[in-house]
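Okay, so here's the structure we're looking at.
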2 protein chains.
Amino acid sequence: MAATSPTPAPALTAERILEATEEVLRRHGPAKATVVDVARALGVSHGSVYRHFRTKAALREAVTKRWLDRTSELLSGIAAGAGDPEARLRDWLRALFDAKRRKAGADPELFATYMVLADESGPAVSGHIADLIGQLTGIIRDGAGTGVFTVPDPAAAARSVFHATGRFHDPGYAREWERPEAEADFGALVELLLRGLSSR
Amino acid sequence: MAATSPTPAPALTAERILEATEEVLRRHGPAKATVVDVARALGVSHGSVYRHFRTKAALREAVTKRWLDRTSELLSGIAAGAGDPEARLRDWLRALFDAKRRKAGADPELFATYMVLADESGPAVSGHIADLIGQLTGIIRDGAGTGVFTVPDPAAAARSVFHATGRFHDPGYAREWERPEAEADFGALVELLLRGLSSR
DNA sequence: GGAATGACAGATATTGAAATCTGTCAGCTG
DNA sequence: CAGCTGACAGATTTCAATATCTGTCATTCC
């Protein structure tokens, strides 16, 4: 016989708690999702949840971090690519915008839930943003190396590009993303920024 | 004898109601400011206020509009100037950022109050933004005329510039404006945008 | 007679008591 | 004995009764 049970009680792990928490958040929304709900969903007492996460805030922050990390990973693939830095920058910004817009459009309630969580988890979000700007810095540094971009400070340029495109990735602007002119506005802004990066 | 009283009862006018409303908002905040409070501050019954403004929402929107119009006027002076369009654009963006940052820093509670009002008054804000983008369009069109800027569509470029600088004028970012790197970030972004506008 | 009043109905906000939740921990269980 | 439980104190949320506010309008007052 196997020492580990086949399905009945798959051991209480941080990962399983996070999955259950996501489900509870999806069902009840951020305001009504309680630690007791999470414990009930897992068939354990809420005390057991506190063995893995010191506080409710820590649990929520872990959920937020997981969610943010998924976006980071998706984009890091593009940033690390080997092609033309100009095209890579375009693709990266486009992928960021598309990913956010798709999530906000597909399930607005869940997206609103994650906006609340992100608001609570300041440090996690700051780290995520630093990561994204780091990816941008890599692309721009590559371009500066090959001479496609003419910028004295790739890191500063990356910050500028990230801030400038905020309207197309900051969740606070989600409502605007469905407007018909959003697409053209995004394209125009990206081209303006690319011209600025590569002007002699 | 004068037909109009010297000071006692200076006639109930829309202007006086707006002033009293601003004062009540400043004192009580947006959540607790009532029409009854405004009427009491003026020494009249609340029914009299409803003679000048159909609803409480209309009264609040009028206050918002007055506030937004003050910013528009300040900037229109710069936009209509006769100097170098490049310098004018720099000055205009700088003036917008400085005005917002100064207001947010000097009286955070009042600024928060106006953020709530602006949130309620969608159409008034949209109109204000359209006005600002119009001013930007004027500057950029001038630059396109003299050849300083090389853009096919000044109106589209103006939209891009306004959106790109959102982080430095959108009230939602007010918290960031006090951070030490804000100044450098603002400068770097403006220079990047100017290079984009004038690249051959 | 044009402007202001104040009583009123329905909508919204406040309050305080009861219910629920968070976080701890001594003890149980396998 | 490592992991889980459930009772508990203090903090937070819910809920229903109560109070206040919004918007109207018949009446009053220069």
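Following rounding to the nearest Å, B:R51 (CZ) and C:dG6 (C1') show an atom-to-atom distance of 13 Å. Atom CZ of B:R40 and atom C1' of D:dC21 are 11 Å apart (whole Å). With rounding to whole Å, A:L12 atom CG is found 17 Å from C:dG30 atom P. Atom pair B:Y50:OH and D:dT24:C1' shows a separation of 10 Å (rounding to whole Å applied). Across the protein-nucleic acid pair, B:H52 atom NE2 and C:dA3 atom P stand 8 Å apart, rounded to whole Å. Note: CG (A:D37) to P (C:dC21) measures 7 Å, nearest angstrom. Distance, B:L42 CG to C:dA3 C1': 15 Å, rounded to whole Å. A straight line from NZ of A:K56 to C1' of C:dC21 spans 8 Å, rounded to a whole angstrom.
Using a cutoff of 4.0 Å between basic side-chain nitrogens and carboxylate oxygens, B:E23 and B:R27 are scored as salt-bridged. Contact check on B:R88 versus B:D142 returns a salt bridge, with a Lys/Arg side-chain nitrogen under 4.0 Å from an Asp/Glu carboxylate oxygen. We find that A:R66 and A:E73 are not joined by a salt bridge, their nearest charged nitrogen and carboxylate oxygen being 4.0 Å or further apart. Electrostatic pairing of B:E120 and B:K65 does not count as a salt bridge here, judged by no charged N lying under 4.0 Å from a carboxylate O. A salt bridge links A:R70 with A:E22: the closest approach of a Lys/Arg side-chain nitrogen to an acidic carboxylate oxygen falls below 4.0 angstrom. Looking at B:R26 and B:E109, no side-chain N of the basic residue comes within less than 4.0 Å of a carboxylate O on the acidic one, giving no salt bridge. For B:E19 and B:R16, the salt-bridge test fails: no basic side-chain N is under 4.0 Å from an acidic carboxylate O.
OP1 or OP2 of D:dT5 has at least one side-chain nitrogen or oxygen of A:S45 nearer than 4.0 Å.
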Look for any protein N or O under 3.5 Å of an N or O in nucleotides 8-18 of chain D and output each such pair with its distance, or none.
none

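Each of A:E178, A:E183, A:H169 was compared with A:R101 under the side-chain hydrogen bond (donor to acceptor under 3.5 Å, both in side chains) criterion, and only A:E183 meets it. With A:D98 as the partner, the salt bridge (charged side-chain N to carboxylate O under 4.0 Å, His left out) test is satisfied by one option alone out of A:K100, A:R94, A:R102: A:R94.
Overall bending of the helix from C:dG1-D:dC30 to C:dG30-D:dC1, expressed as the angle between end axes built from five pairs apiece, is 20° (10° steps).
Backbone-only engagement by A:T34 is indicated by non-hydrogen atom pairs under 4.0 Å involving sugar-phosphate atoms exclusively. Within 4.0 Å (heavy atoms only), B:V36 reaches at least one base atom of the nucleic acid.
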